[in-house]
Amino acid sequence: MTNSKTLVLMGRHPTPGKCKTRLAKAIGSDARAARIYETLVRVVLERVREPFTTKVGYDLKFSCAAVEDVEPCAALFRPGGSWDVRSGDETSRATRVEAQVQVADLGERIIRALFGETVRDEEGMCCVSGTDIPGFGANHAEDAFGVLANGSADVVFGPCDDGGFYCVAARSGAGVEDKLRLAFDGVPWSSERTLRECVERCESVGLRVDATSLPELIDVDELEDLRRVLDDMDSAG
């Protein structure tokens, strides 16, 4: 797996009442929030699968929040499913669907997603992203891989405008996994200081960090986030 590249999308099945609960509360409908989330995932999938149409890119995996999500999500990726966005010439590049490690700590789930298939002394690279960032696409993943490949950083973050991050990429080897596990221990997730804390903690354990090469994107959690995404789409024409 030397020099391999993997993109992991962390998400869940669009079951009403189990996804986008804050958005559902704002719009007064679990079912509508679930449909919005399903659409957000499809948008992200369409954008991250772009490199496969030219036979370049990375392995793609969908990492489900719950074990019981695996089969329902896999069904959405099968031919005719709403998340099957493959072109006709890439039928062999099916998206793998697996469950996240079942622990409460988000940092540990991210680390397991990043390093689950790498060997520590190899130079594989992995990028983990959320599935509710409609602006995220293949270019962001490839840019993160590019930063890692040129040797200027061990960890790359894609910043959100709310103080968090929409993706994190890392390369194996040089003890990166162990250092990142130390850095993520005790991070205040879902706060306006999340990214800042992650960067500071990573640097404190000796990791080289890049949190500025990737552009800032919007993570859709609240109704206002969705409105801003739609406004940006309108502005783009």
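We're numbering straight along the sequence, starting at 1. The analysis underlying the following values was restricted to heavy atoms, covering all of them including side chains, and did not include hydrogens, waters or symmetry mates.
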Checklist outcome for this item: Interatomic distance, CZ@Arg35 vs CG@Leu40, rounded to 0.5 Å, equals 13.0 Å
Item to check | Spacing of Phe62 atom CZ and Leu45 atom CG [to the nearest 0.5 Å] | outcome: 7.0 Å
Using the rule that two of Ile, Leu, Val, Met, Phe, Trp, Tyr join whenever any of their side-chain heavy atoms come within less than 4.5 Å, decide whether [X] and [Y] are in one cluster.
X      : Y      : answer
Val43  : Tyr166 : no
Leu226 : Ile27  : yes
Trp189 : Leu114 : yes
Leu230 : Val220 : yes

Item to check | Heavy-atom pair with the smallest gap, counting every atom of Cys126 and Ala113 | outcome: SG-O, 3.7 Å
Checklist entry - If every non-hydrogen atom of Ala65 is compared with every non-hydrogen atom of Arg12, which pair is closest and at what distance? => result CB-NH2, 3.6 Å
Checklist entry - Regarding Arg49 and Thr95, is there a side-chain donor-to-acceptor distance under 3.5 Å anywhere? => result yes
Item to check | Full working for side-chain contact (heavy atoms from CB on, under 4.5 Å) between Cys160 and Leu217 | outcome: CA-CA 5 Å; Cys160 285; Leu217 297 178; 5.6 Å; no
Non-hydrogen side-chain atoms of [X] and [Y] separated by less than 4.5 Å:
X      : Y      : result
Leu214 : Cys167 : yes
Arg47  : Asn139 : yes
Leu182 : Lys179 : no
Val8   : Thr6   : yes
Glu98  : Val70  : no
Tyr58  : Val48  : yes
Pro14  : Trp83  : yes
Ile218 : Ile133 : no

Next on the checklist: Please enumerate all residues that pass salt bridge (Lys or Arg N to Asp or Glu O under 4.0 Å) together with Glu38, with sequence neighbours excluded.
Outcome noted: none
Item to check | Partner set under salt bridge (Lys or Arg N to Asp or Glu O under 4.0 Å) for Arg208, not counting sequence neighbours | outcome: Asp154
Kindly say whether [Y] contributes a backbone atom to a donor-acceptor pair with the side chain of [X] at under 3.5 angstrom?
X      : Y      : result
Thr194 : Pro188 : yes
Arg42  : Ser82  : yes
Asp143 : Phe145 : no
Glu192 : Gly163 : no

Next on the checklist: Determine whether Tyr37 and Thr15 satisfy the following criterion, side-chain contact (heavy atoms from CB on, under 4.5 Å), listing intermediate values before the conclusion.
Outcome noted: CA-CA 9 Å; Tyr37 175 66; Thr15 304; over 6 Å; no
Next on the checklist: Please determine whether salt bridge (charged side-chain N to carboxylate O under 4.0 Å, His left out) holds for the pair Lys20 and Asp30, giving the CA-CA distance in whole Å, both sets of side-chain angles, and the decisive distance to 0.1 Å.
Outcome noted: CA-CA 8 Å; Lys20 289 296 153 203; Asp30 289 337; over 6 Å; no
Basic-acidic side-chain contact under 4.0 Å: [X], [Y]:
X      : Y      : answer
Lys5   : Glu142 : yes
Glu200 : Arg196 : no
Asp225 : Arg228 : yes
Asp84  : Arg78  : no
Lys18  : Asp69  : no

Checklist entry - Between Phe157 and Phe165, what is the ring plane arrangement, given parallel below 30°, perpendicular above 60°, and tilted in between? => result perpendicular
Next on the checklist: Would Cys202 and Leu180 count as a side-chain contact (heavy atoms from CB on, under 4.5 Å) here? Give the steps.
Outcome noted: CA-CA 6 Å; Cys202 284; Leu180 195 58; 3.6 Å; yes
Checklist entry - Around atom CD of Glu216, are there more than 12 heavy atoms of other residues, nucleotides or ligands at under 6.0 Å? => result yes
Checklist entry - Is the count of non-hydrogen atoms from other residues, nucleotides or ligands lying under 6.0 Å from Asp185 atom CG greater than 12? => result no
Item to check | Criterion side-chain contact (heavy atoms from CB on, under 4.5 Å) on Ile110 and Val168, from CA distance to verdict | outcome: CA-CA 9 Å; Ile110 293 173; Val168 56; 3.6 Å; yes
